[in-house]
Amino acid sequence: MSELITAELVDLDLSAATKDAAARSLAERMVAAHRVTDLDGFLADVAAREAQMPTGLDGGIGIPHCRSEHVSAPTLAFGRSARGIDFGAADGPADLIFLIAAPAGADDDHLTILSGLARRLMDPEFTAALRAGDDPGAVAALIRGEEPVPETGAAPEAAGAPEDEAAGAGARDRAVSPDDGAPFRIVAVTSCPTGIAHTYMAAESLTAAGRAAGVEVTVETQGSAGFSKLDPAVIAAADAVVWAHDVEVREKARFRGKPLVDVGVKAGINRPAELIAEARRKAERGEIPAVPEGGDGPEAGDGGGSGADRAHFGVRLRTYLMSGVSYMVPFVAAGGLLIALSFAIGGYEIVDAKSVADHFVWGQADSWAALLNQIGSAAFAFLVPVLAGYIAYGMADRPALVPGFVGGAIALTVEAGFLGGLVAGLLAGAVVMAIQRVPVHPTLRGIMPVLVIPLIASAVVGFLMFIVVGKPIAALQGALTDWLNGLSGSNAVILGVALGLMMCFDMGGPLNKVAYAFAVGGLADPTDGSLKVMAAVMAAGMVPPLALALATTVRKKLFTKTERENGRAAWVLGASFITEGAIPFAAADPLRVIPSVMAGGAVTGALSMAFGCTLRAPHGGIFVVPLIGEPFLYLLAIAAGTLVATALVVLLKGARRTTEVPAGDAAATAPEERVGAAA
């Protein structure tokens, strides 16, 4: 097994001033060590992971990390910053920076090593040794676990442990169950979107806080280094449950009947003692929440946010809808691009071609066009059922898949379309959740998820979709279609402005996804109006990275060296309709960058709608321009918005004090010049 970290991957004098610059500096060491094959591609993956949730932890630690196809071997780089770098932790900048790179298909052995490091970061003596080390080779060996942690002379204080001995004794006394004198028992589940670091740090933090309080804490880590279920006997003996997670807990039904504390994974790292105390209080009050039956929850990214966030209906609803959309998009991408390609080869009349199963001629282009069209149409036929099925899945796990798919198929039958799929998915999830709350005899629990729940829920959802809500939704869908088709003049421009603003506000975040989902939904039953919406959305989404790429080209002095390098990659990202390519710029200077790209996106969206541009492909950027209606005007709209955004970025950044030195160039500035600039 190759070494996870070597002396060449250790920088004890990290000079970067921002988290993006720190990630780039450490990633360059990985490239030099032949562990990363594409620097910019890897950094884009790191930035995308950072956008999900800041990776700064209390105690001066930053752990940017990701899985990436640009990583050839699991690798860890370490940097120590004298002045500290802001990674979003509540207690301030981080001076210990760990960049963790895992391949898309990393093996369990390496991931186990990474999880072990994450646990050791909860040890104050380990972090103290990292701060004191002066030899890169020795520090690398310490991180690998090949050298013992030196004694610091101070008793380690567990994360979240009481501050004094009296408090610790009181906590231990209170932790004893009053009935039988046995210690209070907690079972916990920790998980994070990547499953590399936060998962195991939260587990170690909860375990350490439990030891300090005299509480038995047993943790199940649902991370990338394997998923070993808690022993059912341990769960049965537990007095309470703690979930510290940012993805859905797998097999939730195991924890039914137990008091539950449900929070985000960072709460498990930063305030474990509070969570243990809260679990104790809930157990004393006998608070037993409803935990759904079923199997695995949605995959990473479907259930993000803290437990407090999940308590709000609006946040939960958005999570359910985005779960359905995320599973639907691959069908849209594959089907839409195949259909668009068929039109490019055989023209729009290819939709009337006979079935290629009976009429296919190898040497005729029309036959190939018909084949592509009919394959794409087959993929498109799954859009609404998949949307409904995975909305229901996001709400109530696997038992909701069947009624969700059935409801989505009925939505197509009654011509309720995309809106019908949304409603069917929500209905299916709600019906399954209601059935799961009904007490059943233990002998029936085994067949509930696979037989009883799908049977009853499908019948109920089918009745509601056919008899009660299907036709009204179909009428609403028809009205929306007529409205989109009738859009012209100022109304079309206003819609284009709104879509452009949404696409550029958070560049891949919730508003961006809502606008994209609205456009993609229209492709399920394409009309002239819905094709215009799709064109406007893609055009506006290309503006942010293109604008920043142009700005870094025409006014290099306004940007750091790191930003200029990111700008070169942003040309390709923008042209490919990857709006996230602008995230590093927005994160470094949000007050100037975000309003500028929003203005450019609004201009592009408005012009695209005004020009009547249409698009049948849900993705592709400039590579599908030949398939766009009014392609030259479409490119003009993108160019206009890009120029507007570029001009505003340059204007706003140029208004800063001329004495300010870009952080990424500070190392190249003479010391006396830096002092003068700071003054």
Side-chain angles (χ1 to χ4, degrees), residues 313-329 331-332 377 380-396 399-435 453-488 491-492 494-495 498-499 502 513-534 537:
F313 175 75
V315 175
R316 294 201 310 272
L317 179 62
R318 186 191 71 200
T319 300
Y320 301 151
L321 296 179
M322 289 302 101
S323 175
V325 169
S326 67
Y327 283 100
M328 182 187 73
V329 165
F331 288 85
V332 177
S377 298
F380 255 49
F382 288 96
L383 298 192
V384 174
V386 166
L387 172 70
Y390 281 98
I391 288 174
Y393 175 64
M395 296 175 67
L401 274 174
V402 172
F405 272 87
V406 170
I410 295 172
L412 291 179
T413 301
V414 299
E415 299 182 349
F418 182 69
L419 289 180
L422 293 176
V423 173
L426 294 172
L427 283 175
V431 170
V432 171
M433 292 170 70
I435 297 174
I453 293 177
L455 173 65
I456 297 175
S458 296
V460 172
V461 172
F463 171 81
L464 292 174
M465 289 300 298
F466 269 124
I467 307 301
V468 181
V469 300
K471 288 298 182 182
I473 297 172
L476 180 60
Q477 175 81 6
L480 177 61
T481 300
D482 293 340
W483 175 71
L484 286 176
N485 288 334
L487 280 177
S488 61
N491 290 332
I494 292 172
L495 179 60
L499 293 172
M502 293 173 70
K513 291 292 190 294
V514 167
Y516 185 66
F518 175 65
V520 165
L523 294 183
D525 186 17
T527 64
D528 185 63
S530 64
L531 297 181
K532 291 178 182 178
V533 167
M534 187 70 249
V537 162

At their closest point, which heavy atom of [X] faces which heavy atom of [Y], and how far apart are they?
| X | Y | result |
| --- | --- | --- |
| Gly404 | Ala392 | CA-CB, 4.1 Å |
| Gly425 | Met395 | O-SD, 4.0 Å |
| Pro399 | Pro454 | O-CG, 4.1 Å |
| Gly429 | Ala396 | O-CB, 4.0 Å |
| Gly421 | Val384 | CA-CG1, 3.6 Å |
| Gly420 | Met465 | O-CE, 3.8 Å |

Could you give the distance from CG (Leu401) to OH (Tyr393), rounded to the nearest 0.5 Å?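 Between atom CG of Leu401 and atom OH of Tyr393 there are 7.0 Å.
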Kindly compute the distance separating CD1 (Ile391) from CG (Leu422), expressed to the nearest 0.5 Å.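 So the CD1 of Ile391 and the CG of Leu422 are separated by 5.0 Å.
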Specify whether Tyr390 and Phe405 have parallel, tilted or perpendicular ring planes, treating 30° as the upper limit for parallel and 60° as the lower limit for perpendicular.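 Judged by the thresholds at 30° and 60°, the geometry between Tyr390 and Phe405 is perpendicular.
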Sequence neighbours left out, what passes side-chain contact (heavy atoms from CB on, under 4.5 Å) with Val406? Give chain and number order.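 Expected list: Val402, Ile410, Ser458.
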Applying side-chain contact (heavy atoms from CB on, under 4.5 Å), name anything that partners Ala388, two or more places apart in sequence or on another chain.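 For Ala388 the side-chain contact (heavy atoms from CB on, under 4.5 Å) partners, ignoring immediate neighbours, are Ala424.
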Compare all side-chain heavy atoms of [X] with those of [Y] and state whether any distance is below 4.5 angstrom.
| X | Y | answer |
| --- | --- | --- |
| Val460 | Ile435 | no |
| Leu387 | Phe331 | no |
| Pro403 | Val431 | no |

